[in-house]
Amino acid sequence: MRQSYTPFYSTEKPEKLVLSLVGKDRVGIVRDFSKFLTNNGGNVEESRMSRLGGEFAMIILVSLKNTNADQFTKVLQNSFPGFHIHSSITEESVTERPFNSKPYDIWVEGPDTTGIVAAVTDTLANYDIAIEALETETVAAPFAGYTSFHMNLKVDISDDSIQKVKKSLEEVEAKFGLEIDLEEEKPDV
């Protein structure tokens with residue numbers, strides 16, 4: 001007699017959910033969230049987490065097997081009182097690099113001034129460049145006499161527009177007294 005085979009994993013496609021959680025920083029938030037996720041049929045696919053001021057912020061793509069996303073979110077909200085939680089069901093998508101483009105890192109550094117992020121991102125949007133990732137921070141620069149602003153962006157830029165983008169970023173650099181470096185990402189070896 002032939003025995004039936006039951007896989008130890010679900011053969012159903014897991015539901016994908018993008019979560020954001022923001023709340024007062026304390027020790028153990030990531031541990032508590034990770035345990036909650038594991039105990040409720042979820043898995044971290046991608047995440048970004050950071051302390052911003054006195055708050056801790058998490059943006060997480062989770063996959064849920066055999067778990068209802070709405071019910072999962074309600075239980076999550078009850079388990080993390082005091083946190084602002086938002087969830088959104090998403091489709092898994094693979095973003096293909098635009099034809100004839102390469103990945104670049106853009107590094108921005110200089111005196112903290114209102115409008116830097118807007119100017120840099122406006123320049124990129126004018127060339128239809130989507131931002132894959134963006135991080136900013138301000139750092140005390142006591143010997144310089146001002147607060148220093150740092151920003152890193154990950155983008156794909158086409159070979160056809162790279163020179164125009166460089167020229168436009170040089171204009172932003174001059175306007176704000178910044179140093180902007182544009183470096184092609186090297187493939188992992």
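Small disclaimer: the values here were computed from a predicted structure and weren't measured. Quick note: numbers below take in every heavy atom, side chains included, and nothing from hydrogens, waters or symmetry partners.
E55 contributes atom CD, which lies 7.0 Å from atom NE2 of H84 (distance to the nearest 0.5 angstrom). For the atom pair D159 CG and K102 NZ, the distance stands at 4.0 Å (nearest 0.5 Å). Taken to the nearest 0.5 Å, the CD atom of E184 stands 5.0 Å off from the NZ atom of K186. Rounded to the nearest 0.5 Å, atoms CE (M58) and CD1 (I29) are 7.5 Å apart. Note that CD1 of I59 is 10.0 Å distant from OG of S47, once rounded to the nearest 0.5 Å. Note that the CD1 atom of I106 and the CD1 atom of I129 stand 6.5 Å from one another [nearest 0.5 Å].
Here W107 sits alone; no ILVMFWY side chain lies under 4.5 Å from its own, so it joins no hydrophobic cluster.
Follow the hydrophobic side-chain contacts under 4.5 Å out from V30 and you reach V44 in the same cluster. Connection of F36 to I85 is established within a shared hydrophobic cluster, with ILVMFWY side chains joined at heavy-atom distances below 4.5 Å, either directly or through further cluster members. At a threshold of 4.5 Å between side-chain heavy atoms, the hydrophobic network of Ile, Leu, Val, Met, Phe, Trp and Tyr places V62 and M49 in one connected group.
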Quiz: residues 68-80 side-chain donor-acceptor pairs under 3.5 angstrom, not counting sequence neighbours:
unit_1 : atom_1 : unit_2 : atom_2 : d
N68    : OD1    : D70    : N      : 2.9
N68    : OD1    : Q71    : N      : 2.8
T73    : OG1    : A69    : O      : 2.9
T73    : OG1    : S87    : OG     : 3.1
N78    : ND2    : K74    : O      : 3.4
S79    : OG     : V75    : O      : 2.9

Could you tabulate the donor-acceptor pairs under 3.5 Å formed by side-chain atoms of residues 140-151, not counting sequence neighbours?
unit_1 : atom_1 : unit_2 : atom_2 : d
S148   : OG     : H150   : NE2    : 3.0

Distance-only check: which donor-acceptor pairs under 3.5 Å involve side-chain atoms of residues 18-27, not counting sequence neighbours?
unit_1 : atom_1 : unit_2 : atom_2 : d
R26    : NH1    : D32    : OD2    : 3.0
R26    : NH2    : D32    : OD2    : 3.3

All N/O donor-acceptor pairs, side-chain side in residues 167-179, below 3.5 Å, sequence neighbours left out:
unit_1 : atom_1 : unit_2 : atom_2 : d
S168   : OG     : Y127   : OH     : 2.9
S168   : OG     : K164   : O      : 3.2
E173   : OE2    : I180   : N      : 2.8

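Partners of D128 by side-chain hydrogen bond (donor to acceptor under 3.5 Å, both in side chains), not counting sequence neighbours: none found. Evaluation of the side-chain hydrogen bond (donor to acceptor under 3.5 Å, both in side chains) rule for D105 yields K154 as partners, not counting sequence neighbours. Under the side-chain hydrogen bond (donor to acceptor under 3.5 Å, both in side chains) criterion, T136 pairs with no residue, sequence neighbours left out. By the side chain to side chain contact (heavy atoms under 4.5 Å, CB included) test, Q163 pairs with K166, sequence neighbours left out. Residues forming a side chain to side chain contact (heavy atoms under 4.5 Å, CB included) with S88 (at least two apart in sequence, or on another chain): H86.
At a threshold of 4.5 Å between non-hydrogen side-chain atoms, the residues P14 and L64 do not count as touching. Looking at V155 and V165, their side chains never come closer than 4.5 Å, going by heavy atoms from C-beta outward.
Summarising the local packing, CD of E135 is surrounded by 12 or fewer heavy atoms from other residues, nucleotides or ligands at distances under 6.0 Å.
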Intermediate values then yes/no, side-chain contact (heavy atoms from CB on, under 4.5 Å), E15 and L17: CA-CA 7 Å; E15 195 165 29; L17 189 64; 5.9 Å; no
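Among pairs with a residue in residues 107-126, none fulfils salt bridge (Lys or Arg N to Asp or Glu O under 4.0 Å), at least two apart in sequence or across chains.
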